[in-house]
Amino acid sequence: MLRIAVPNKGSLSGPAAEMLHEAGYQQRRESKELRIVDPTNEVEFFYLRPRDIAIYVASGQLDIGLTGRDLLIDSGAEAEEILALGFARSTFRYAAKPGTISGLADLAGKTVATSYEGIVAAHLADHGIDASVVHLDGAVETAIQLGVAQVIADVVETGTSLRNAGLEVAGEPIMKSEAVVIRRTGADADDPKVQQFLRRLQGVLVARTYVMMDYDCRVEQLEKAVALTPGLESPTVSPLHNEGWVAVRAMVPAKEAQRIMDDLYDIGARAILTTAIHACRL
């Protein structure tokens, strides 16, 4: 069986389980379950702390895992990203009291508090900045108020927590993170079970990104219509019973669907419909 690590809690857990369910995999019914077997799909899922997943995958005991890019890099484990999943997006940044830090060079000689010591230490070293790094678990916003550090480095999503703590982001982002699929560095890239798993997740990503659009249009307007809905390879065009009309079907980006419908209507297309895509293979 394919052995897969899945986050057991936190912001990664719910969306990861939802994506796996959409991809046709059985998921646990209770949060206390640490392992389940999906015999139909020949997969065994292990629910682990997100920070530990890269370590387990790197050991070779598990084939692949779902975790955050930031957690993968921070772990320093011999594992690599093979697919970005598009959820749990965040930006990793430095923050300090307003007016105290304007750029990376100002961190020299300072103490930086963070829960991601590996990322921060590597980033400072890569830029030749001599600063101390203090590892803290949990919320690091209070580190400056309590005098533990002059700067913090943390995941920033909305910035609300920083503002509530009287802090502001400083300098350029350290990195951008999101949920990713990882495997052990050097593992067989052509493993058919892994490739099938990736195809299923890619199908979910496409299904979430696109909708299917159907409409009727006059033959003389077909080229203009097709330019608006080129599809992935090419749209499907079928003649209608009424002479001079055709039916067109194509996948279009969901976020652009309303605009495309307006443009199609303006050139004379009618009976314009969109439907959700629940699964696909490209």
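Note that the coordinates shown come from a computational prediction; the quantities given were computed from them, not determined experimentally.
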Output yes when a side-chain donor or acceptor of N41 lies under 3.5 Å from a complementary backbone atom of G24, and no otherwise. yes

Check: I152 main-chain N/O paired with T114 side-chain donor or acceptor under 3.5 Å: no

Which pair of non-hydrogen atoms, one from L136 and one from A143, has the smallest distance, and what is that distance? CD1-CB, 3.8 Å

V211 and V252, any side-chain heavy atoms less than 4.5 Å apart: yes

Ignoring hydrogens and angles, tell me if any N or O in the side chain of E22 forms a donor-acceptor pair with the backbone of G203 under 3.5 Å. no

More than 12 foreign heavy atoms under 6.0 Å from CD of E44: is that the case here? yes

Applying side chain to side chain contact (heavy atoms under 4.5 Å, CB included), run through L20 and L201 and close with a yes or a no. CA-CA 7 Å; L20 290 169; L201 294 191; 4.2 Å; yes

Do other residues, nucleotides or ligands put more than 12 heavy atoms under 6.0 Å from the CZ atom of R29? no

In Å, rounded to the nearest 0.5 Å, how long is the span from CD1 of I267 to SG of C217? 6.5 Å

Report yes if some heavy atom in the side chain of S13 is under 4.5 Å from a heavy atom in the side chain of N8; otherwise report no. no

Any side-chain heavy atom of S115 within less than 4.5 Å of one from R51? yes

Take V43 and F197 through the side chain to side chain contact (heavy atoms under 4.5 Å, CB included) test and state the conclusion after the steps. CA-CA 9 Å; V43 173; F197 179 79; 5.5 Å; no

Tell me whether Q195 at atom CD has more than 12 heavy atoms from other residues, nucleotides or ligands lying less than 6.0 Å away. yes

For atom NE2 of H135, is the number of surrounding heavy atoms from other residues, nucleotides or ligands below 6.0 Å larger than 12? yes

Which atom of T91 lies closest to which atom of P173, heavy atoms considered: CG2-CB, 3.5 Å

Tested for side chain to side chain contact (heavy atoms under 4.5 Å, CB included) against I182, the lone hit among T67, L83, L71 is T67

Is it true that a side-chain atom of E33 and a backbone atom of E30 form a donor plus acceptor pair closer than 3.5 Å? yes

Is it true that E80 and R183 make a salt bridge, defined as a side-chain N closer than 4.0 Å to a carboxylate O? yes

Report whether V155 and V180 are members of the same hydrophobic cluster (ILVMFWY, side-chain heavy atoms less than 4.5 Å apart, transitive linking). no

If two hydrophobic side chains count as joined below 4.5 Å and joins carry through other members, does L72 share a cluster with I55? no

Okay, side chain of D52, backbone of L48: is any donor-acceptor separation there less than 3.5 Å? no

Minimum heavy-atom separation for M19 to L205, with atom names? CE-CD2, 3.5 Å

Is I73 linked to I174 within one hydrophobic cluster, defined over Ile, Leu, Val, Met, Phe, Trp and Tyr using a side-chain heavy-atom separation of less than 4.5 Å? yes

Please determine whether the number of non-hydrogen atoms from other residues, nucleotides or ligands lying under 6.0 Å from atom NZ of K224 exceeds 12. no

Side-chain touch Q26/T40, heavy atoms, less than 4.5 angstrom: no

Can a donor-acceptor pair be found, under 3.5 Å and without considering hydrogens, that links the side chain of R199 to the backbone of Q202? no

Value for CD (Q221) from CH2 (W245), rounded to nearest 0.5 Å, stands at 9.5 Å

N/O donor-acceptor pair under 3.5 Å between D214 side chain and L273 backbone: no

Between M175 and H123, is any pair of side-chain heavy atoms under 4.5 Å apart? no

Are L104 and L107 close enough that some pair of their side-chain heavy atoms sits under 4.5 Å apart? yes

Measure the spacing between OG of S177 and CG of D74 and express it to the nearest 0.5 Å. 10.5 Å

Minimal heavy-atom distance between T229 and A250, with the atoms involved, is O-CB, 3.7 Å

Determine whether I277 and V206 make a side-chain contact, defined as any pair of heavy atoms from C-beta on separated by less than 4.5 Å. no

Where do R69 and K176 come nearest, in terms of heavy atoms and distance? NH1-O, 3.1 Å

Residue from K9, Q27, R35 passing side-chain hydrogen bond (donor to acceptor under 3.5 Å, both in side chains) with Y47: Q27

Salt bridge between D63 and R3, side-chain N to carboxylate O under 4.0 Å? no

Hydrophobic cluster membership, with links at side-chain heavy-atom distances under 4.5 Å among I/L/V/M/F/W/Y: are I4 and I82 in one? yes

Output field: ring centroids Y116/F92 closer than 6.0 Å: yes

So, does R93 use its side chain to make a donor-acceptor pair with the main chain of G171 at under 3.5 Å? yes

Taking side chain as C-beta onward, heavy atoms only, is E141 less than 4.5 Å from L162? yes

Following the transitive rule for hydrophobic clusters with a side-chain heavy-atom cut-off under 4.5 Å over Ile, Leu, Val, Met, Phe, Trp and Tyr, establish whether V134 and V120 coincide in one cluster. no

I'd like to know if R218 pairs up with E220 as an ion pair, taking the criterion as any Lys NZ or Arg NE/NH1/NH2 lying under 4.0 Å from an Asp or Glu carboxylate oxygen. yes

Between A131 and L124, which heavy-atom pair has the shortest distance, and what is it? CB-CD1, 4.0 Å

Spacing of CE belonging to M212 relative to OG1 belonging to T274, to within rounding of 0.5 Å: 11.0 Å

Output, in order, the C-alpha distance, side-chain angles, deciding distance and verdict of side chain to side chain contact (heavy atoms under 4.5 Å, CB included) for R270 and Y265. CA-CA 6 Å; R270 295 296 182 265; Y265 191 90; 3.4 Å; yes

Is it true that a side-chain atom of S132 and a backbone atom of T111 form a donor plus acceptor pair closer than 3.5 Å? no

Indicate yes or no for a side-chain donor-acceptor contact from E178 to the backbone of G86 under 3.5 Å, with no hydrogens or angles considered. yes

Could you tell me whether D130 atom CG has more than 12 heavy atoms of other residues or ligands within 6.0 Å of it? no

Which is it for M261 and M213 under the side chain to side chain contact (heavy atoms under 4.5 Å, CB included) test, yes or no, and what are the steps along the way? CA-CA 9 Å; M261 293 175 78; M213 184 170 289; 3.5 Å; yes

